[in-house]
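Read the structure below first, then the notes.
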Amino acid sequence: MKKLIIINGPNLNLLGKREPNIYGSLSFTEFLEKVRAKYSNISIDHFQSNIEGEIIDKLQEVGFSYDGIILNAAAYTHTSVGIGDAVKAIESPVIEVHISNTFSREDFRHQSFISPNAKGVIIGFGLESYELGIQSLMHD
Ligand code: DQA
């Protein structure tokens, strides 16, 4: 069975409550339940942290054994050389995802330290961005 993990960065624990006009009103737990049921032939772990170093630790922990990582580093996308370096250091393919279209928002969201080292980038499809990430890794 393929083993994937979704890693979510800061404030994504508030999905459903946080700026629902941008991020929607579904909680990540509800979304994950649906996705796990739909893709029952693959294992989909989930990790969320508001702490940069914990995200780096998790990338290092899973990055040499998992079949793929779906990473929404949230605000750290635009600031973290450390997370960018971790993505470069590991072997598992990383798909960078964003719920909102970061390019239609403030200029500071146009920069990503993840993209140069990601296998691919999926931006702006709401929570479906995660599902598209899963699909892309399933066919690897
Ligand atoms: C986000 C976009 C980031 O700019 C923002 O800081 C987030 C969420 C997204 O999924 O749209 O927290 O990564």
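The structure displayed is predicted, hence computed values, not measured ones. In listed order, ligands and their atoms are each counted from 1.
- Between Asn72 and ligand 1, an N or O atom pair is found at a separation short of 3.5 Å.
- For Ala74 against Leu12, the heavy-atom pair with the smallest separation is CB-CD1, 3.9 Å.
- Short contacts between ligand 1 and Ser100, defined as distances under 4.0 Å to a heavy atom of the residue, involve ligand atoms 2 (C), 9 (C), 11 (O).
- Not close to ligand 1: Gln111, with no non-hydrogen atom less than 4.0 angstrom away.
- Tyr76 places a side-chain N or O within 3.5 Å of a backbone atom of Asn50 that can act as its donor or acceptor partner.
- Residues Phe125 and His98 place their aromatic rings such that the two centres sit no closer than 6.0 Å.
- Close approach to Arg18 involves these atoms of ligand 1, each under 4.0 Å from a residue heavy atom: 7 (C), 12 (O).
- Those atoms of ligand 1 that come under 4.0 Å of a heavy atom in His78, given as number and element, are 3 (C), 4 (O).
- Ser92 places no side-chain N or O within donor-acceptor distance of the main-chain N or O of Asp67, the cut-off being under 3.5 Å.
- Neither the backbone nor the side chain of Val97 has a heavy atom within less than 4.0 Å of ligand 1.
- When all heavy atoms are compared, the tightest approach of Ile90 to Gln60 is CG2-CA, 4.2 Å.
- Counting only heavy atoms of the protein, atom 9 (C) of ligand 1 lies nearest to Ile99 N, 3.3 Å.
- Looking from atom 8 (C) of ligand 1 to the surrounding protein, the closest heavy atom is Tyr23 OH, 3.5 Å.
- A salt bridge links Glu131 with Lys38: at least one charged nitrogen is closer than 4.0 Å to a carboxylate oxygen.
- Looking only at heavy atoms of the protein, atom 2 (C) of ligand 1 is closest to Thr102 CG2, 3.7 Å.
- The proximity of Glu106 to ligand 1, defined as any non-hydrogen pair under 4.0 Å, does not occur for either the backbone or the side chain.
- In this structure, Asn11 has no heavy atom closer than 4.0 Å to ligand 1.
- Contacts of His98 with ligand 1, taken as heavy-atom pairs under 4.0 Å, involve both backbone and side chain.
- Judged by distance alone, with hydrogens and angles left aside, the side-chain atoms of Gln111 form no donor-acceptor pair with the main-chain N or O of Phe108 at under 3.5 Å.
- Hydrophobic clustering of Ile, Leu, Val, Met, Phe, Trp and Tyr side chains at less than 4.5 Å, counting indirect connections, unites Met138 with Leu127.
- Ligand 1 has no N or O atom lying under 3.5 Å from any N or O atom of Leu12, backbone or side chain.
- Between Ile6 and Tyr130 there is a side-chain heavy-atom pair separated by less than 4.5 Å.
- The residue Thr77 has no part lying near ligand 1, judged by heavy-atom distances below 4.0 Å.
- The shortest side-chain heavy-atom distance between Asn72 and Glu96 does not fall under the 4.5 Å cut-off.
- The distance from ligand 1 to the heavy atoms of Arg109 drops below 4.0 Å at these ligand atoms: 3 (C), 4 (O), 5 (C), 6 (O).
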